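One structure follows; several queries about it will come next.
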Amino acid sequence: MQKQVSKVRVRFAPSPTGGLHLGGVRTVLYNYLFAKKHHGDFIVRIEDTDQTRFVEGAEQYIFDCLRWCGLEPNESPLHGGSFGPYRQSERKSTYLQYALQLIEAGHAYYAFDTPTELEEMRNRFKTDENPSPQYDASIRMKMKNSLTLSPDDVKKMLSEKVPYVIRIKIPQNETISFNDMIHQEVSFDSNVVDDKVLLKADGMPTYHLAVVVDDYLMKISHAFRGEEWLSSAPVHILLWKYLFGLDHMPQWAHLPLILGPAGKLSKRDGAKFGFPVYAMNWIDPRNNEFTEGFKEKGFLPEAFVNLLAILGWNNGTEQELFSLEELIDQFSLERVHKSGAKFDYEKAQWFNHEWIKKSSDDHLLPIVKNLLTNKNISDINDSFLKKLIGLVKERCTLIEDFYSQTVYFFKKPDYVELEAIQPKWTMDKSTFFNRFIEKLDGIEDWSFQSIENEFKQLSAEMLIKPGELQLPFRIMLVGGKFGPAVFEIANLIGKAETKHRINATLMKLNN
RNA sequence: GCCGCGUUGGUCAAGAGGUUAAGACGCCUCCCUUUCACGGAGGAAUCACGGGUUCGAGUCCCGUACGUGGUACCA
């Protein structure tokens, strides 16, 4: 019953044309999870057959993103492997023979129509009911191709190097169906699919030919791709049938799309709604257009991967937080949704917040240290910083937040929110803090406990509720209404600095 | 237009004929904390619509609507 068990091999096949967006990373992730779960291989193949859209640096960028996410391929142009080359542009010569083989078998034909002739055809046959006429059975006999031209003419044109493409000859009145791992049975009427170009005039294959040939040659067992490909699946099924046999065809899985707030997610949405759509920052070298990435926005890769996994899949329980290992263990295609999901940035941030809380101080240390260094805070003592991280991480949603949550430990606040204390400021309070400074000198161990004791004792003596004084004290040290326990802060910034900040604020208040 | 795919609160979703229709995000209230968070307790809010089938439908069938993708010598 079992169709011979072959090794699981999956592939992610991006075009090096620009940034890697959410949907792309999720496709990678599902590929990766499936491969790892089944002890298979994850391959990255670069589909650079459209030379007009090639963008310098885009390929390297894709690998950088995958590395950041922790989704390292087993085979790729960068990682090597025995099924290379892994760039379609470097496999150009292999595609022609398959196209020729199809012609030989009567499943494809040469077409000599020029772009303008095609344009003319579309205009000529355009009607209200059919705004975009296809190159199909109903019109191919009216075009300039090896089906309508005499064999001699074709031979002559070929030898004269008249530009041509090779098109698949879609059969009539057939139902093309296949079993998708996510959508189950999907079927198409062959009469509505057109004679797609297989080999372009420049000798490069189109996606349709290349994907089939390469999936076969690279022994791909399961093919994941976005749902936008579902409509062209019948072409691929036919190609498999004609070229290699349906028995060898990989199992298809057409993944649901990730939608933006208003329809399909685009990089425009990022700028418009204020959230990243790419994994990492991307600057288009052609026009210097900048698109923000999750990495630089302050997301932890663990959180990024987690939130993407959950967008369209769940394990049936209430669990939402998953490590990569857990995802590998629990992932199953059966539980991937059929319908597209709208991306919710609020929830994305929640994931990051949770992951920051979940991460150990040691894990966060280099990340936060890097952040602070970039903000010109140097000479950071690791164990000191680790302590700070532990103290503030539950208040940080994005990595960036560690800056505002920890700067005041390194330097006195740039801005002190005086307006928060001024209205209720009294002479008594002023006196309190002046006396408190003196008391501070007497504290020898400088533990937060001792500081708190002195503070409470003095306030009791002066008959002022400690709560009335804590907020001003906080503002003096931190600059605003945030941060961990105020005595803890005093303890960490030291006696001299504590006195200094109290004094500085006192002077401003008394002005 | 045609073809494909889809449709459970605002969002992500559990659910596979009989449930008070989980849970999470966000929002609101309260507790904790005289900071901000964390944590805890509550609250508002849902099966797109219309027909069937059935003793019984969010769950099955058919229509409609809506959304989304494709309809390129782009992937």
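This is a predicted model, so every value here is computed, not measured. Naming: A, B, ... by sequence-line order, numbering from 1 per chain. Heavy-atom basis, side chains included; hydrogens, waters and symmetry copies ignored.
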Checklist entry - If each of A:P131 and A:L118 is mapped to the nucleotide of RNA chain B with the nearest heavy atom, which maps nearer the 5' terminus, i.e. the 5' end? => result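 Residue closer to the 5' terminus by nearest nucleotide: A:P131.
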
Next on the checklist: Can you confirm if the aromatic rings of A:Y345 and A:F273 lie within a centre distance of less than 6.0 Å?
Outcome noted: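 Between A:F273 and A:Y345, the centre distance exceeds or equals 6.0 Å.
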
Next on the checklist: Would you say NZ of A:K508 has more than 12 non-hydrogen atoms from neighbouring residues, nucleotides or ligands within 6.0 angstrom?
Outcome noted: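 Result for NZ/A:K508: enclosed.
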
Checklist entry - Within this structure, what is the CG-to-P distance between A:D128 and B:rG1, rounded to whole angstrom? => result 11 Å

Next on the checklist: Keeping A:T94 on the side-chain end and A:R91 on the backbone end, is there a donor-acceptor pair under 3.5 Å?
Outcome noted: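 Side chain of A:T94 to backbone of A:R91, a donor-acceptor pair under 3.5 Å: yes, one is there.
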
Checklist entry - Centres of the A:F487 and A:F455 rings: under 6.0 Å? => result yes

Checklist entry - Base, sugar-phosphate, or nothing: which does A:G312 touch, judged by heavy atoms less than 4.0 Å apart? => result sugar-phosphate

Checklist entry - Would you call the rings of A:F473 and A:F436 parallel, tilted or perpendicular if under 30° counts as parallel and over 60° as perpendicular? => result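 Perpendicular.
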
Checklist entry - Using the P atom in both, what is the distance from B:rG67 to B:rU59, to the nearest Å? => result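 About 22 Å, rounded to a whole number of Å.
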
Checklist entry - C1' atom, B:rA14 versus B:rU8: distance in rounded Å? => result 10 Å

Checklist entry - Taking OP1 and OP2 of B:rC74, is either one under 4.0 Å from a side-chain nitrogen or oxygen of A:K200? => result yes

Item to check | Over all atoms of both residues, closest heavy-atom pair of A:K142 and A:F125 | outcome: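 Where A:K142 meets A:F125 most closely, the heavy atoms are CD-CZ, 3.8 Å.
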
Item to check | Proximity to the side chain of A:E346 - top-ranked nucleotide from B:rC25, B:rC73, B:rC12 | outcome: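 Nearest to the side-chain atoms of A:E346, counting from C-beta on, is B:rC25.
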
Next on the checklist: Between B:rG58 and B:rG40, how many Å separate the two P atoms, rounded to a whole number?
Outcome noted: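 Per the computed distance, 34 Å lies between those P atoms.
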
Item to check | Polar side-chain atom of A:K200 near backbone of A:T49 as donor-acceptor pair, under 3.5 Å | outcome: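 Looks like yes, one N/O pair under 3.5 Å.
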
Checklist entry - Is the phosphate of B:rC36, meaning OP1 or OP2, less than 4.0 Å from a side-chain N or O of A:R474? => result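 Negative; the distance criterion is not met.
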
Item to check | Closest nucleotide among B:rU68, B:rG1, B:rA72 to the A:N130 side chain | outcome: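 From the listed options, B:rG1 comes nearest.
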
Donor-acceptor pairs are to be reported for all side-chain atoms of residues 411-421 of chain A against protein atoms at under 3.5 Å, with residues two or more places apart or in another chain.
{"unit_1": "A:Y415", "atom_1": "OH", "unit_2": "A:E419", "atom_2": "OE1", "d": "3.1"}
{"unit_1": "A:Y415", "atom_1": "OH", "unit_2": "A:E419", "atom_2": "OE2", "d": "2.7"}

Item to check | Among B:rG4, B:rC73, B:rC12, the nucleotide that comes nearest once only the side chain of A:L230 is considered | outcome: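 Out of B:rG4, B:rC73, B:rC12, the nucleotide with an atom closest to A:L230's side chain is B:rG4.
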
Next on the checklist: Strictly by Watson-Crick or wobble contacts shorter than 3.5 Å, is anything paired with B:rC36, and which nucleotide is it?
Outcome noted: none

Produce the list of close N/O pairs, under 3.5 Å, pairing protein atoms with atoms of nucleotides 19-23 of chain B; give distances to one decimal.
{"unit_1": "B:rG23", "atom_1": "O4'", "unit_2": "A:E318", "atom_2": "OE2", "d": "3.4"}

Next on the checklist: Distance check needed: B:rC73 C1' versus A:N145 CG, whole Å only.
Outcome noted: 15 Å

Checklist entry - Partner of B:rU59 by Watson-Crick or G-U wobble geometry, both contacts under 3.5 Å, or none? => result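 Base partner found: none.
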
Checklist entry - Within the structure, does a side-chain N or O atom of A:H183 lie under 4.0 Å from either OP1 or OP2 of B:rG4? => result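 No, because none of the side-chain N or O atoms of A:H183 sits under 4.0 Å from OP1 or OP2 of B:rG4.
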
Checklist entry - When we call it a touch if two heavy atoms are under 4.0 Å apart, what does A:T127 touch: a base, just sugar-phosphate, or nothing? => result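 Result for A:T127 = nothing.
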
Next on the checklist: What's the closest nucleotide to the side chain of A:E47 if the choices are B:rC73, B:rA75, B:rC36?
Outcome noted: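 For A:E47, the side-chain atoms sit closest to B:rA75.
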
Checklist entry - Given atom CE of A:M181 and atom P of B:rC5, what is their separation to the nearest angstrom? => result 17 Å

Item to check | Residue matched to B:rA72 through Watson-Crick or wobble contacts both under 3.5 angstrom | outcome: none

Next on the checklist: Between B:rG70 and A:S232, counting only base atoms on the nucleotide and side-chain atoms on the residue, is there a donor-acceptor pair under 3.5 Å?
Outcome noted: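 There is none.
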
Next on the checklist: Please report the distance, rounded to the nearest Å, between CD1 in A:I237 and P in B:rG4.
Outcome noted: 15 Å

Checklist entry - Within the structure, does a side-chain N or O atom of A:T49 lie under 4.0 Å from either OP1 or OP2 of B:rA75? => result yes

Item to check | Touch class at under 4.0 angstrom, heavy-atom based, for A:P256 against every strand present | outcome: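 No contact at all - A:P256 keeps every heavy atom at 4.0 Å or more from the nucleic acid.
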
Could you write out each protein N or O paired with an N or O of nucleotides 38-44 of chain B at a distance under 3.5 Å?
{"unit_1": "B:rC38", "atom_1": "O3'", "unit_2": "A:K357", "atom_2": "NZ", "d": "3.2"}
{"unit_1": "B:rG39", "atom_1": "OP1", "unit_2": "A:K357", "atom_2": "NZ", "d": "3.1"}

Checklist entry - Strictly under 6.0 Å, is that where the ring centroids of A:Y110 and A:Y164 end up? => result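 Distance test on ring centres: under 6.0 Å, yes.
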
Checklist entry - So what does A:V165 touch, heavy atoms closer than 4.0 Å: a base, only the sugar-phosphate, or nothing? => result base

Checklist entry - Would A:R167 count as a cation-pi partner of A:Y135, with NZ or CZ less than 6.0 Å from the six-membered ring centre and within 45° of the ring normal? => result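 Cation-pi check for A:R167 and A:Y135: passes.
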
Checklist entry - Reckon A:D180 touches a base, only the sugar-phosphate, or nothing at all at heavy-atom distances under 4.0 Å? => result nothing

Next on the checklist: In this structure, how many angstroms lie between the P atom of B:rG69 and the CG atom of A:L259, rounded?
Outcome noted: 7 Å

Checklist entry - Quick one: which of A:I489, A:N491, A:V486, A:L492 gives a side chain to side chain contact (heavy atoms under 4.5 Å, CB included) with A:F448? => result A:N491

Checklist entry - According to the Watson-Crick and G-U wobble definitions, with both distances under 3.5 Å, which nucleotide is paired to B:rU54? => result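 Paired with B:rU54, as far as the under-3.5 Å criterion goes, is no nucleotide at all.
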
Item to check | Candidates B:rA24, B:rA72, B:rG70 - which lies nearest the side chain of A:W350 | outcome: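 Ranking B:rA24, B:rA72, B:rG70 by closest atom to the A:W350 side chain puts B:rA24 first.
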
Next on the checklist: Quick check on B:rC5: is either OP1 or OP2 less than 4.0 Å from any side-chain nitrogen or oxygen of A:H254?
Outcome noted: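 It does not, given that no N or O in the side chain of A:H254 lies less than 4.0 Å from OP1 or OP2 of B:rC5.
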
Next on the checklist: So A:R225, base contact, sugar-phosphate only, or nothing? Heavy-atom distance under 4.0 Å.
Outcome noted: nothing

Checklist entry - If you look at every heavy atom in A:L469 and A:S459, which pair is closest and at what distance? => result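 Taking A:L469 first and A:S459 second, the nearest heavy atoms are CD1-CB, 3.6 Å.
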
Next on the checklist: Please confirm whether the shortest side-chain N or O distance from A:N314 to OP1 or OP2 of B:rC12 is below 4.0 Å.
Outcome noted: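 Negative; the distance criterion is not met.
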
Next on the checklist: Return the pairing partner of B:rC47 with a 3.5 Å limit on both distances, Watson-Crick or G-U wobble; otherwise return none.
Outcome noted: none

Next on the checklist: Under 4.0 Å, heavy atoms only, any strand: does A:A341 hit a base, just the sugar-phosphate, or nothing?
Outcome noted: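 It contacts sugar-phosphate atoms only.
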
Checklist entry - Across all strands shown, which nucleotide pairs with B:rG67 by Watson-Crick or G-U wobble geometry, both distances under 3.5 Å? => result B:rC5

Checklist entry - Reckon A:E129 touches a base, only the sugar-phosphate, or nothing at all at heavy-atom distances under 4.0 Å? => result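 Since a base atom lies under 4.0 Å of A:E129, the category is base.
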
Checklist entry - Hey, is NZ on A:K387 packed in by over 12 heavy atoms from elsewhere, all under 6.0 Å? => result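 Result for NZ/A:K387: open.
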
Next on the checklist: Any base atoms under 4.0 Å from A:S339, or only sugar-phosphate, or nothing? Heavy atoms, all strands.
Outcome noted: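 The answer is sugar-phosphate, as A:S339 gets under 4.0 Å only of primed atoms, P, OP1 or OP2.
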
Next on the checklist: Measuring from the side chain of A:W229 (C-beta onward, heavy atoms only), which nucleotide among B:rC2, B:rG1, B:rA75 has the closest atom?
Outcome noted: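 Given the options B:rC2, B:rG1, B:rA75, the side chain of A:W229 is closest to B:rA75.
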
Checklist entry - Expressed in angstrom and rounded to an integer, what is the separation of A:Q134 atom CD from B:rG1 atom P? => result 16 Å

Item to check | B:rC62 to B:rG70 separation - C1' atoms, rounded to the nearest Å | outcome: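 Their C1' atoms lie roughly 26 Å apart.
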
Next on the checklist: Roughly how many Å apart are B:rA21 and B:rA45, using the C1' atom of each and rounding to a whole number?
Outcome noted: 13 Å

Next on the checklist: On RNA chain B, compare the nucleotides closest to A:F188 and A:G480; which residue's is nearer the 5' end?
Outcome noted: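 So the residue in question is A:F188.
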
Checklist entry - To the nearest angstrom, how far is A:W313 atom CH2 from B:rA14 atom P? => result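 From A:W313 CH2 to B:rA14 P: 11 Å.
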
Next on the checklist: Can you measure A:N315 atom CG to B:rA14 atom C1' for me and round it to whole angstrom units?
Outcome noted: 11 Å

Item to check | Mutual orientation of the aromatic rings belonging to A:F433 and A:W425 [parallel < 30°, tilted 30-60°, perpendicular > 60°] | outcome: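 Aromatic pair A:F433/A:W425 classed parallel.
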
Checklist entry - Counting only side-chain N and O atoms of A:R335, is one of them less than 4.0 Å from OP1 or OP2 of B:rG15? => result yes

Checklist entry - Just checking A:T52: base, sugar-phosphate only, or nothing, at a heavy-atom cut-off of under 4.0 Å? => result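 Here A:T52 touches no strand at all.
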
